[in-house]
Q: 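So that we are looking at the same thing, I have put the structure below in C-alpha cells.
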Amino acid sequence: MKEFGAATIAQYRQQTASLLLYQAVLNDTVGQTFLSLLEALSTSKGLTNERAQCLTAYGKWFQALANTGKSWGDHLVERMLIADNAFTQAAQRLTMAKLPVPLIAAARHDLNILQNLYGLSPSYVSQCVQTACQLPQAPVVWSLMPEPLPVDLSPDWSAGIDNLVTYYQHQGTGKFGQFRGFRWQQGQLLGITEPDPIRLEDLAAYDGPKDALVKNTEFLLAGFNALNVLLYGSRGAGKSSLVKALLTEYGDRGLRLIEVAKADLYDLPTIVESLRPQPQKFIIFVDDLSFEEDDDAFKALKVVLEGGLTRRPQNVVVYATSNRRHLVREFFADRPRPRDADELKSWDTVQEKLSFSDRFGLTLTFEAADQPMYLDIVHHLAKQVGLDLSLEDLDYRARQWATRHNGRSGRSARQFIDFLSAELALDTEK
C-alpha cells in the first residue's frame, strides 16, 4: 500500500502533466475530474472551504466513473487503446523497426506513467480525501473488478510496446479504434455505439450469394482488389442483414462499415478520399438504392464505381442493396421516338441508365422465397432461439403467419419467430 500524503498526490499530478503523447487519455470527463481532484488534494491545507472543494472534486470523479460503468483502470486502458496521436498513427503504418527512435522513447515514457495511473487504487484516493478533509471515515469507493487487458503489455507496459504497436495495426486508433460501425450524417462520420449484432450463422438460405459476398470481403481484408457489390432481389430476403453481419464477423480484423443514405451520396467521393490513407478496410453500405432521372447522386456513385484519374483505393468497396435490378427507373417516355426534340442517339442514354448496375463488379441475386425455403428459414431461427414446439405445429403457424402478414420471406420468418417466442414465454409465466 502506498503511503498517504501530499508528496504522493503531487507526484501523480506531476506525472499527468508530463505526458508527451497520450495527454488526450485524460481529456474526457473522467480524466478531467481526476485532474481536478489531484489539484484540490495537492493544494489543500485543511481549511474549511478547501475541504469542501476536495469533497466536491471527489464526488464529480466518482460520478464520472459511475456513468461509465467501468473500473478506473479499465477506463484508462480503453482511452489509451483508442488514443489518436503521432505514435499511434505511425504505429498503424510502420513496423516497430521503422518507427522513429524519439517517438518510441516518448511512448515508453508515457506508458510508464499510464501504468502508474492504472495501478492507482480508488481506495487510496478515497483515503487521501478522508485525510485531507479530516473525515471520520473515507468516502464511498468506486471499485469494480478490472477486466483482462485486451493487449498483452507484460508486467512492464513500456516493455510490451511491440504488442501495443501490433494492436494499433490491427484495430486502428481514434474513431476507427473506438467504433466499428459508422453513419455519414451532415458531412460527419458518426460512430455507432451499438451496431446490429446479427451474425452470419443467424442467416439461413441464400448460401450462394452469402458465400460469394464473404469471399469478396475476404479479398478486401487480404489487401486484394475486391469488387463493388450489388445485392438485389425481393424485399425481406436478408440482403441488408447479410451486409451488417459482415461487421460482426470481421470487425476484429479491421473491417469497418459506413452507412451512407442515398441523400448523402453526393459526399461519396469525399468520403472515399478520406478513407484512402487509413489502414482499416471499409465497406460503404448503401441500402435500398435506386435513382430517379437526372439524379445527381447517380453521378456521384458512378464516379466512385468507375474511378477516375485518381487510383481507386484498395481498402474501400461499395456494397449496395436494391429491390431493382436496374437501379435507374426507366419510363416509357424515356424510349426514343422520332420527334424533333428527341436526343440524337437516345438509345445510348437509355442503355447507360439500364447498364448502371453493371458497374458493380459483382451482382448477387436474392430470389423470392418459396414455401420450402420459407419454412427452412423458420426452422433455422426456431432452433436458434430454442423453441419447444412440434415441427407440425411450427409449420402450421408459420404458414398462417405468412398468409396473414407479410408473405414468405426471411424478414417475415424473423418477425414470426420473435412474436411466437414472446407469446410462448408469456404463456409460460402465467
Q: Please find out if less than 6.0 Å separates the ring center of Trp72 from that of Trp61.
A: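 Yes, close enough.
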
Q: Does any part of the side chain of Met96, heavy atoms only, come nearer than 4.5 Å to the side chain of Ile161, both counted from C-beta?
A: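 They are in contact (side-chain heavy atoms under 4.5 Å apart), so the answer is yes.
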
Q: Do Ser42 and Arg13 have a side chain donor and acceptor closer than 3.5 Å?
A: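 Ser42 vs Arg13: donor-acceptor pair found between side chains.
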
Q: Under the criterion side-chain contact (heavy atoms from CB on, under 4.5 Å), which of Val286, Asp287, Leu230 is the partner of Ser322?
A: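 Testing Ser322 for a side-chain contact (heavy atoms from CB on, under 4.5 Å) against Val286, Asp287, Leu230 leaves exactly one candidate, Leu230.
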
Q: Under the 3.5 angstrom rule, does the side chain of Arg256 hit a backbone N or O of Phe176 as a donor-acceptor pair?
A: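 Pair found, side chain donor or acceptor close to backbone of Phe176.
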
Q: Is the side chain of Thr43 donor-acceptor paired with the backbone N or O of Glu39 at a distance under 3.5 Å, no angle test?
A: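 A pair under 3.5 Å: yes.
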
Q: How close do Tyr374 and Gly407 get, counting heavy atoms only, and between which atoms?
A: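 Of all heavy-atom pairs spanning Tyr374 and Gly407, the closest is CE1-O, 4.5 Å.
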
Q: State, with a plain yes or no, whether a side-chain heavy atom of Asp288 is found less than 4.5 Å away from one of Lys262.
A: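 A side-chain contact is absent here, since even the closest heavy-atom pair is not under 4.5 Å.
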
Q: Roughly how far apart are Asp28 CG and Arg79 CZ, rounded to 0.5 Å?
A: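 The CZ atom of Arg79 is 4.0 Å from CG of Asp28, to the nearest 0.5 Å.
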
Q: Please find the pair of heavy atoms, one from Pro150 and one from Val77, that lie closest to each other, and give the distance.
A: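 That would be CD-CG1, 4.0 Å.
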
Q: Examine distances only and state if a side-chain atom of Ser154 and a backbone atom of Ala159 form a donor-acceptor pair shorter than 3.5 Å.
A: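 No.
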
Q: Does the side chain to side chain contact (heavy atoms under 4.5 Å, CB included) test come out yes or no for Leu220 and Ile283, once each step is laid out?
A: CA-CA 9 Å; Leu220 173 68; Ile283 294 174; 4.1 Å; yes

Q: How close do Ser409 and Arg235 get, heavy atom to heavy atom, and via which atoms?
A: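 Taking every non-hydrogen atom into account, CB-O, 3.8 Å.
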
Q: Any donor-acceptor pair under 3.5 Å linking the side chain of Ser126 with the backbone of Pro122?
A: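 The answer is no, because no donor-acceptor pair under 3.5 Å joins these two groups.
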
Q: A side-chain contact here means heavy atoms from C-beta on lying under 4.5 Å apart; do Asp267 and Val260 qualify?
A: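 In short, these two side chains do not touch, never coming nearer than 4.5 Å.
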
Q: So, the side chain of Arg276 versus the backbone of Val272: is there a donor-acceptor pair under 3.5 Å, distance only?
A: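 No, the answer is negative, given that no donor and acceptor are paired below the 3.5 Å cut-off.
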
Q: Classify the side-chain pair Asn112/Trp157 by whether it contains a donor and acceptor separated by less than 3.5 Å.
A: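 Result is no, nothing qualifies.
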
Q: Could you check whether any side-chain heavy atom of Gln415 comes within less than 4.5 Å of a side-chain heavy atom of His405, counting everything from C-beta outward?
A: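 They are not in side-chain contact.
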
Q: To the nearest 0.5 Å, what is the distance between CD on Glu249 and CG on Leu246?
A: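 These two atoms lie 8.0 Å from each other.
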
Q: Between Glu218 and Arg253, is there a salt bridge with N-O shorter than 4.0 Å?
A: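 Glu218 and Arg253: salt-bridged.
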
Q: When the ring planes of Phe87 and Tyr168 are compared, do they come out parallel, tilted or perpendicular, using 30° and 60° as the limits?
A: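 Taking Tyr168 first and then Phe87, their aromatic rings stand perpendicular (interplane angle over 60°).
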
Q: For Thr173 versus Gln92, what's the shortest heavy-atom pair and its separation?
A: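 Closest heavy-atom pair between Thr173 and Gln92: OG1-NE2, 3.1 Å.
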
Q: Run the numbers on Leu164 and Leu111 for side chain to side chain contact (heavy atoms under 4.5 Å, CB included), then give the verdict.
A: CA-CA 10 Å; Leu164 188 59; Leu111 288 173; 3.9 Å; yes

Q: Calculate, to the nearest 0.5 Å, the distance between atoms CG and CG belonging to Leu362 and Leu213 respectively.
A: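 If we round to the nearest 0.5 Å, Leu362:CG and Leu213:CG are 7.5 Å apart.
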
Q: When the aromatic ring centroids of Tyr319 and Phe285 are compared, is their separation below 6.0 Å?
A: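 Tyr319 vs Phe285: aromatic centres not under 6.0 Å.
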
Q: Is a donor from one side chain sitting under 3.5 angstrom from an acceptor on the other, for Asp156 and Ser158?
A: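 Checked: Asp156/Ser158 side chains pair up, N/O donor to acceptor below 3.5 Å.
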
Q: Restricting to non-hydrogen atoms, name the atom on Thr16 and the atom on Ile113 that form the minimum distance, rounded to 0.1 Å.
A: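 Smallest interatomic distance, heavy atoms only, reads N-CG2, 4.5 Å.
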
Q: Scan the side chains in residues 376-385 for donor-acceptor partners under 3.5 Å anywhere in the protein, sequence neighbours excluded, and list what turns up.
A:
unit_1: His379; atom_1: ND1; unit_2: Leu375; atom_2: O; d: 3.3
unit_1: His379; atom_1: NE2; unit_2: Asp395; atom_2: OD1; d: 2.6
unit_1: His380; atom_1: NE2; unit_2: Glu201; atom_2: O; d: 2.8
unit_1: His380; atom_1: NE2; unit_2: Gln384; atom_2: NE2; d: 3.4
unit_1: Gln384; atom_1: NE2; unit_2: Glu201; atom_2: O; d: 3.0
unit_1: Gln384; atom_1: NE2; unit_2: Asp202; atom_2: OD1; d: 3.0

Q: So do Leu149 and Tyr118 actually touch side chain to side chain, heavy atoms under 4.5 Å?
A: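 Yes, at least one pair of side-chain atoms sits under 4.5 Å.
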
Q: Heavy-atom count around Gln63 CD within 6.0 Å, excluding the residue itself: above 12?
A: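 Result for CD/Gln63: open.
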
Q: If you define the side chain from C-beta out and look only at heavy atoms, does anything of Trp401 sit under 4.5 Å from Leu420?
A: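 They are not in contact (no side-chain heavy atoms under 4.5 Å apart), so the answer is no.
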
Q: Run the numbers on Val214 and Tyr250 for side chain to side chain contact (heavy atoms under 4.5 Å, CB included), then give the verdict.
A: CA-CA 10 Å; Val214 167; Tyr250 298 111; 3.2 Å; yes

Q: Could you state the interatomic distance from OH (Tyr232) to CZ (Phe360), rounded to the nearest 0.5 Å?
A: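 Here the interatomic distance stands at 13.5 Å.
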
Q: Could you tell me if the side chain of Ser18 sits less than 4.5 Å from the side chain of His109, heavy atoms only?
A: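 Contact flag for His109/Ser18 side chains = yes.
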
Q: Looking only at the side chains, is there a donor atom on one of Gln280 and Asn315 sitting less than 3.5 Å from an acceptor on the other?
A: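 No, Asn315 and Gln280 have no side-chain donor paired with an acceptor closer than 3.5 Å.
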
Q: Ignoring hydrogens and angles, state whether a donor on the side chain of Asn225 or Gln314 is under 3.5 Å from an acceptor on the partner side chain.
A: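 Present: a donor and an acceptor within the cut-off.
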
Q: What's the verdict on side chain to side chain contact (heavy atoms under 4.5 Å, CB included) for Leu364 and Val229, showing C-alpha distance, side-chain angles and the deciding distance?
A: CA-CA 7 Å; Leu364 304 178; Val229 182; 3.9 Å; yes

Q: Mind checking the CZ-CG spacing from Arg93 to Leu99? Nearest 0.5 Å is all I need.
A: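 Taking CZ in Arg93 and CG in Leu99, the distance rounds to 9.0 Å.
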
Q: Compute whether any side-chain donor of one residue and acceptor of the other, for Ser71 and Asp74, lie under 3.5 angstrom apart.
A: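 Their side chains do contain a donor-acceptor pair, which is all the 3.5 Å distance test asks for.
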
Q: Counting heavy atoms not belonging to Arg183, are there more than 12 under 6.0 Å from its CZ?
A: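 Not buried by this count: 12 neighbours or fewer within 6.0 Å.
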
Q: Is it the case that the side chain of Lys239 and the backbone of Ser234 share a donor-acceptor pair, with hydrogens and angles ignored and the cut-off at 3.5 Å?
A: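 Side chain of Lys239 to backbone of Ser234, a donor-acceptor pair under 3.5 Å: yes, one is there.
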
Q: With His75, which of Val25, Val30, Leu144 fulfils side-chain contact (heavy atoms from CB on, under 4.5 Å)?
A: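 The passing option is Val30.
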
Q: Taking the six-membered ring for Trp, are Phe282 and Phe182 closer than 6.0 Å centroid to centroid?
A: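 Centroid distance Phe282-Phe182: not below 6.0 Å, so no.
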
Q: Short question: side chain of Asp110, backbone of Leu20 - any donor-acceptor pair under 3.5 Å?
A: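 Yes; judged by distance alone, with no hydrogens or angles, the pair exists.
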
Q: Give the ring-plane orientation class for Tyr206 versus Phe366, where under 30° counts as parallel, over 60° as perpendicular and anything between as tilted.
A: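 Ring orientation of Tyr206 relative to Phe366: tilted.
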
Q: Can you name the nearest heavy-atom pair linking Val151 to Asn163, along with the distance?
A: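 Distance-wise, the nearest heavy atoms are CG2-O, 3.5 Å.
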
Q: With side chains defined as the heavy atoms from C-beta onward, is the minimum distance between Ile258 and Leu189 less than 4.5 Å?
A: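 They are in contact (side-chain heavy atoms under 4.5 Å apart), so the answer is yes.
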
Q: For Lys60, I'd like to know if atom NZ has over 12 heavy atoms of other residues, nucleotides or ligands within 6.0 Å.
A: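 No, NZ of Lys60 has 12 or fewer neighbouring heavy atoms, counting only those of other groups under 6.0 Å.
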
Q: Taking Gln115 for the side chain and Pro155 for the main chain, is one N or O donor matched with an acceptor at less than 3.5 Å?
A: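 Yes.
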
Q: Out of curiosity, Thr33 OG1 to Tyr58 OH, how far, rounded to the nearest 0.5 Å?
A: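 One gets 11.5 Å once the value is rounded to the nearest 0.5 Å.
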
Q: Given 3.5 Å as the limit, does a donor-acceptor pair link the side chain of Asn228 with the main chain of Val317, or not?
A: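 Flag not set: sc Asn228 to bb Val317 has no pair under 3.5 Å.
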
